[in-house]
Amino acid sequence: MLDRFRSDPGAFAPLVLLLAILAGGSAAILIRWSHAPTATQVFYRLLFTTAAVAPVALLRHRDALRAISGRDLLVSAVTGVILGGHFLVFFRSVDWTTVAAATTLTQLHAAIVPLGAYALLDERVSRRMLSGLTVAFAGVALLSTGGVFVSSLLGGPRPLLGNAFAVLAAIGFAAYTLAGRSVRQRLPLFPYVTVVYAMATLAVGVFAAGTGTPVFRPYPAREWLIFLGLAAGPGLLTHTGFNWSLEHVDASVGSAAMLGTPVVSTLLAALLLDEVPSVVTLAGAGVALAGVYFVATGVPGDNA
């Protein structure tokens, strides 16, 4: 199998995407299982992920690291701060609303990026993409209604605020994508994510210190396993696997495939957390994901 991977790595792209989807779908479950403060969970997810990618960058891409310009370093640092903020609001949204709502609403980043690219980078937006945006946000409205309904039955804490934080997480990830787009074209993957993850870790650490959140505490072994799981699964396998797969499949295929993440999260929540979404929530999630799919697979300039 190793010889086949070396000769034809693209043949393994579907498998890598599948593993990325499954790992990404576990994030919300691990967040719910943890009893540590939100900032602590985010800090260790980022710290352990940085520790995993940094040696690769230092050993295999030392020249690329040395060649980073001051401007690219600054943009990467700002991108890291944005990523840290994205994780903080996403983790909190999982605590406050249903897993189905939090994970689906966060996927709106795939629909927000084209709008940002149009506004900031003067990239064209097709009719298909505009139609997809309309469908996506209609699904968001329906999904939010379902989230409030389910939370009222299950005693959920703050469904509307949780949904709002999930949308903020989507906006944050879209900003992260747009901010790092130009730098990523000039830097290999590992040097780029090393700088971004390191800065995100620092930013979340500063936030935790400013809010008095305990980070350096002897947490139980169960919590450390969750932190490692967040880093190894959603942090490494999903992010790295997705970026690797884009070398072998079209971006539209990769983006559309990652829409399976909230489906996996919803199924796991039903099995492991006894959180069964309402029909309204499922319908809203389906409509929202369909809209995001149309946007993600829309070709600028296509007026069909």
Side-chain angles (χ1 to χ4, degrees), residues 23-50 79-109 112 143-144 147 151 156-177 193 196-217 219-220 222-239 258 261-262 264-266 268-269 272-273 275:
S26 70
I29 309 303
L30 293 172
I31 293 168
R32 283 283 188 86
W33 278 348
S34 176
H35 300 303
T38 296
T40 302
Q41 295 179 47
V42 176
F43 177 80
Y44 282 111
R45 167 177 172 163
L46 288 167
L47 180 65
F48 292 153
T49 305
T50 304
T79 303
V81 173
I82 295 172
L83 183 63
H86 155 76
F87 282 131
L88 286 171
V89 292
F90 172 67
F91 277 46
R92 180 56 72 188
S93 74
V94 172
D95 289 332
W96 284 345
T97 189
T98 62
V99 168
T103 54
T104 300
L105 291 173
T106 303
Q107 288 296 319
L108 286 175
H109 68 80
I112 296 171
L143 190 150
S144 295
S151 295
R158 301 177 180 177
L160 283 177
L161 192 57
N163 290 348
F165 268 48
V167 173
L168 282 177
I171 295 172
F173 197 83
Y176 157 76
T177 302
V193 296
V196 170
Y197 287 165
M199 191 61 200
T201 305
L202 177 61
V204 173
V206 170
F207 174 84
T211 56
T213 303
V215 172
F216 301 107
R217 172 183 289 186
Y219 287 99
R222 175 180 180 277
E223 292 294 334
W224 291 109
L225 289 174
I226 290 174
F227 299 156
L228 286 170
L230 285 168
L236 279 177
L237 188 55
T238 299
H239 182 84
M258 291 309 293
T261 300
V264 173
S265 295
T266 301
L268 289 176
L272 302 176
L273 303 176
E275 185 179 287

Using atom types as modelled and distance alone, determine if a side-chain donor or acceptor of [X] lies under 3.5 Å from a backbone N or O of [Y].
X: Thr40; Y: Pro214; value: yes
X: Tyr176; Y: Gly85; value: no
X: Thr238; Y: Gly24; value: yes
X: His86; Y: Ala169; value: yes
X: Ser34; Y: Ile31; value: no
X: Gln41; Y: Phe91; value: no
X: Arg222; Y: His35; value: no

Are side-chain heavy atoms of Leu272 and Trp33 found at a separation under 4.5 Å?
yes

Taking the side chain as everything from C-beta on, heavy atoms only, tell me whether Asp95 gets closer than 4.5 Å to Arg92.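 Side chain of Asp95 against side chain of Arg92, heavy atoms only: contact under 4.5 Å found.
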
Can you give me the closest heavy-atom contact between [X] and [Y], atom names plus distance?
X: Thr98; Y: Arg32; answer: CA-NH2, 4.0 Å
X: Leu268; Y: Ser26; answer: CD1-CA, 4.1 Å
X: Gly162; Y: Trp96; answer: CA-CB, 3.7 Å
X: Ala174; Y: Ile112; answer: CB-CG2, 3.7 Å
X: Val94; Y: Ala28; answer: CG1-O, 3.7 Å
X: Ala166; Y: Ser93; answer: N-CB, 3.6 Å

Intermediate values then yes/no, side-chain contact (heavy atoms from CB on, under 4.5 Å), Leu105 and Phe165 | CA-CA 9 Å; Leu105 291 173; Phe165 268 48; over 6 Å; no

Quick check for you: to the nearest 0.5 Å, what is the distance between [X] atom [atom1] and [Y] atom [atom2]?
X: Thr201; Y: Leu83; atom1: OG1; atom2: CG; answer: 9.0 Å
X: Leu225; Y: Leu230; atom1: CG; atom2: CG; answer: 11.0 Å
X: Leu273; Y: Ile29; atom1: CG; atom2: CD1; answer: 4.5 Å
X: Gln107; Y: Phe173; atom1: CD; atom2: CZ; answer: 8.5 Å
X: Leu202; Y: Leu47; atom1: CG; atom2: CG; answer: 11.0 Å

task: Measure centre to centre between the rings of Phe90 and Phe87, then say whether the value is under 6.0 Å.
output: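 So the answer is no for these two rings.
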
Partners of Leu236 by side-chain contact (heavy atoms from CB on, under 4.5 Å), sequence neighbours excluded?
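Leu236 satisfies side-chain contact (heavy atoms from CB on, under 4.5 Å) with Thr49, Ala52, Val53, Thr240 once adjacent residues are dropped.
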
Which class fits the ring pair Phe48 and Trp224: parallel under 30°, tilted 30 to 60°, perpendicular over 60°? tilted

